[in-house]
Every structure is written in C-alpha cells, then in structure tokens.
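Note that the structure is predicted; figures quoted are calculated from it, not measured. Letters A, B, ... are given to chains in the order of the sequence lines, protein chains preceding strands, and every chain is numbered from 1.
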There are 2 protein chains.
Amino acid sequence: MTSRRQAGPSGAAFLLAQLGAHAAERFAQRVKELGLTPPDVGLLRMIASQPGRSQRSIATDLGVVPSRVVALVDNLERKELVERRPSATDRRHHALHLTTAGEQVLMRMRSIATAHEDDLCAALSTDERSQLASLLQRIADQQGLVPHVHPGYRNLSTPR
Amino acid sequence: MTSRRQAGPSGAAFLLAQLGAHAAERFAQRVKELGLTPPDVGLLRMIASQPGRSQRSIATDLGVVPSRVVALVDNLERKELVERRPSATDRRHHALHLTTAGEQVLMRMRSIATAHEDDLCAALSTDERSQLASLLQRIADQQGLVPHVHPGYRNLSTPR
DNA sequence: TATTGTTATACTCTATAACTATA
DNA sequence: TATAGTTATAGAGTATAACAATA
C-alpha cells in the first residue's frame, strides 16, 4: 500500500468522465419512468425545438446514421408522442412533429431535468453551481462541443 | 424561435454528462493506440494497485458479473499484459498479475492520461483546474461515487 | 443520378444460466 | 452445499449495405 493514489486517476478529466457517466445514468433512471431512453429524450427535444424537420437533417445533426433515426422515430411514434407528416414540398420527406401527448411528456421531462440537476448538485451552493457551470461551459466551448447535443449519440465508427 | 434555450438543457447536469462523454471518448481514442479499451485500462490499474487479486473480487469491486471479467482478462492475457497465476492457498482462484510488458503499458498509459488531462482542460488556468477538480470531487463524494471506479463498468440491470 | 427513408443483416458489448473444479 | 472460474447463449444497441420511391 502506497499512501494514496494507488490506482491513479483523480484529476479533473477522470472526475469528469466518472461524474458524467453517473449523471447520465441517473438521468436514464428518471426518464425510464416515462418509458423513455436518453436518446428518445434528445430526439423529442430536437423535434420540439424545430418542428417539421426531416429525419435526414436530424441524423446529420446528431451524427448518427439515418437508419438509426428510423428506429428511434418508430419507437416514439408507436408511443404516439411523435408523428410523421407528409411534406407538401418534397414527398420523400417526413416532417416530424410532436403530438399533444408528446408535448405533455416534454413538459414532464423538463421538471424531471430540474429535479435531476438539483439532486446532482446537492453538495454545492447556488453560487458554486453557477461557478461550476461556467467552468464547464468554457471547457465545452474550447473543446468544440455542440450545445445541447450529447456526444453519446454520435457514430463513433466514423470519427472524423 | 424563442430567444435562447430552444432545446432546453444547459445547466451543470447536462454539461457534466456531455463533457463526461466527450472526455471518455477522447480517452478511448488515445488508449486505442495502445490496443486497449477503457475497460482494459481500468482493469490494468486495478491489478497494478493490488497484484494477486482474484477475478471474483475484481468483479465485485467493478460491479460486473464474473463472466465479464473472464472476457476482459482473456483479452489482456492474449496481449501478454496480464497473467493468471495459480493460487497456493485455494486452487479455485487465479491470482492476477501484470507482466513486464503490462507494467510498461501502464507507464505509457499514465503519460497518456496526463496529456489527456492537459488537453481537456486547456481552456482553464492551473488555479481554475484545481477549483474545478475540487467542486467535482465534492459532488462525487456527496453522490457516493467510488474513487477511481468508472460507473460505466457497472451492471445496470441490477441497479440496487 | 442523387436523395430520403426503409429493411435486412451483422457486429459488439454485456448479462444470464448452466457447468466444472475445487472447497 | 457453496464458491471461483468458465462456456454457451441471448439480448440490446447500433452500424452497414441494399433497396424503393421520389427528386
């Protein structure tokens, strides 16, 4: 037994990965009560923010392959949270929209997200939380992360 | 278009999940050059810190099922980084040890981890980095995370 | 010919369950 | 009877490739 640091990592990078996985996992548990997975949540948000988008454009923004969007949308359509509407201008497109039930789920999701945030940051004061958010935001900006897009969606087999 | 926050999350929790996934992904890219995956790295570290451990005890600490440890160790043994030695006291056990090559890889891993950390926190000053690490550490403690263990290893189908 | 969405398929990761050998 | 490790199997998630309809 050396005094400490036996196994190695305790710098910011490892803590970030560790806490990030923990946060994602806790969030997944919470939204599971709504019958949703984290990818479902991301997709609902994306559709809500820009209704009528095509699957292709979503696939591009998310960095995933179009066939994956098919599966995700199939899933949400089966739950009647999302609908594919025919596009007037290009009949190849499906315009994606939230249903009324979808809007409601989105609202419940927002309160879940707030509770999640509070629970996760329970160790910190309000000041410290915004201090943390600001430090994290600067890292995110410098690392070129796309706002609101979780990298977990990305296709890692085509990393460039 | 509302003024901002169209898609929703930009609090500390989402940033944490986003940056955590990003950090994990970048780290995975780096260790891939050593022919290793992140779980491999965690296992190597764990064996290095307590040589001679059994697979069962590692499975318990990592929160995974023993058969998964079999696969991970198989992989590292095939690369001749780890060896299973028979235990003198209980012939059911395999005592896990690093080979010389394993020790060397571990050293290279440490310098990779340092470079990773520097790169990830490039946006912050030295002071800010330790400020960040301290905030993160307090959250990790309060959330009950086990030091040095990435939650990604855990068996999520048995969450309690 | 190029593009959108779909289907069919395969691959990777990981857990479950049954099994062997020790204890 | 219980435990350490193993094998065989199955499931979830996701990519690839071939395809139909439309542009």
Side-chain angles (χ1 to χ4, degrees), chain A residues 21 24-25 28-29 31-32 35-43 47 52-78 82-97 150-160, chain B residues 21 24-25 28 32 35-43 47 52-78 82-97 150-160:
Chain A
E25 183 188 307
Q29 286 172 2
V31 296
K32 192 174 185 179
L36 299 176
T37 66
D40 290 337
V41 172
L43 191 52
I47 295 171
R53 294 189 64 173
S54 73
Q55 297 182 190
R56 162 64 72 170
S57 82
I58 284 179
T60 303
D61 274 20
L62 249 35
V64 301
V65 94
S67 64
R68 187 173 172 201
V69 178
V70 172
L72 288 169
V73 173
D74 278 354
N75 192 28
L76 293 176
E77 199 173 41
R78 211 175 306 119
V82 160
E83 55 184 23
R84 291 169 160 109
R85 297 190 197 152
S87 160
T89 60
D90 184 338
R91 286 192 303 177
R92 290 173 306 180
H93 282 71
H94 287 168
L96 300 178
H97 293 269
H150 193 286
Y153 298 124
R154 284 217 317 287
N155 175 357
L156 297 180
S157 67
T158 319
R160 328 236 137 263
Chain B
E25 183 188 307
K32 191 174 186 180
L36 299 175
T37 66
D40 291 335
V41 172
L43 192 52
I47 296 172
R53 292 189 65 173
S54 72
Q55 298 183 189
R56 162 63 74 170
S57 83
I58 284 179
T60 303
D61 274 20
L62 249 36
V64 301
V65 94
S67 64
R68 188 173 172 199
V69 179
V70 172
L72 288 169
V73 173
D74 278 354
N75 192 28
L76 292 178
E77 200 174 41
R78 209 176 308 118
V82 160
E83 55 185 23
R84 291 169 161 109
R85 297 191 197 150
S87 160
T89 59
D90 184 337
R91 286 192 303 176
R92 292 172 305 181
H93 281 71
H94 287 169
L96 300 178
H97 293 268
H150 194 287
Y153 299 122
R154 283 218 316 288
N155 174 359
L156 296 180
S157 69
T158 318
R160 326 238 138 263

Quiz item: Quick one: is D:dT14 close enough that its OP1 or OP2 comes under 4.0 Å of any side-chain N or O from A:Arg68?
Solution: yes
Quiz item: What pair of heavy atoms forms the shortest contact from A:Ala28 to A:Pro38, and how long is it?
Solution: CB-CG, 3.7 Å
Exercise. Find the distance B:His94:NE2 to C:dA23:P and express it as a whole number of Å.
Key: 12 Å
Quiz item: Please give, in whole Å, the distance from D:dG5 C1' to B:Glu83 CD?
Solution: 18 Å
Quiz item: OP1 or OP2 of D:dA21 sitting under 4.0 Å from any side-chain N/O of A:His93?
Solution: no
Quiz item: Does a side-chain N or O from A:Arg92 land closer than 4.0 Å to OP1 or OP2 of C:dT4, or not?
Solution: no
Self-check item: Separation of atom CG in A:Leu43 from atom P in D:dT14, rounded to whole Å
Solution: 12 Å
Quiz item: So which nucleotide from C:dT16, D:dG5, C:dT7 ends up closest to the side chain of B:Gln55?
Solution: D:dG5
Quiz item: What is the distance from CG of B:Leu62 to C1' of C:dA15, rounded to the nearest Å?
Solution: 15 Å
Quiz item: When the distance from CZ of A:Arg53 to P of C:dG5 is rounded to whole Å, what number comes out?
Solution: 11 Å
Quiz prompt | Minimum-distance nucleotide to B:Pro66 side chain [options: C:dT4, D:dT6, C:dA15] | solution = D:dT6
Quiz prompt | Atom-to-atom span, CG of B:Asp74 to P of D:dA8 - whole angstrom | solution = 12 Å
Quiz item: What pair of heavy atoms forms the shortest contact from A:Ile58 to A:Arg53, and how long is it?
Solution: N-NH2, 3.8 Å
Quiz item: What about A:Ser67: does its side chain form a donor-acceptor pair under 3.5 Å with the base of D:dT16?
Solution: yes
Practice problem: Let me know the distance between CG of A:Asp90 and P of C:dG5, rounded to the nearest Å. | Solution: 8 Å
Quiz item: Between B:Arg91 and D:dT3, is there a side-chain N or O to OP1/OP2 distance below 4.0 Å?
Solution: no
Quiz item: Within this structure, what is the CZ-to-C1' distance between B:Arg78 and D:dT6, rounded to whole angstrom?
Solution: 14 Å
Quiz item: Just checking, any donor-acceptor pair under 3.5 angstrom between side chains of B:Ser87 and B:Asp90?
Solution: no
Quiz item: Is any NZ, NE, NH1 or NH2 atom of the basic residue among A:Arg84 and A:Asp74 found under 4.0 Å from an Asp or Glu carboxylate oxygen of the other?
Solution: yes
Quiz item: Counting side-chain heavy atoms from CB outward, which of D:dA4, C:dG5, D:dA15 is closest to A:Val70?
Solution: C:dG5
Quiz item: Would you say a side-chain N or O of B:Arg84 is under 4.0 Å from OP1 or OP2 of D:dT6?
Solution: yes
Quiz item: Can you tell me how far OG1 of A:Thr37 sits from CG of A:Leu43, rounded to the nearest 0.5 angstrom?
Solution: 9.0 Å
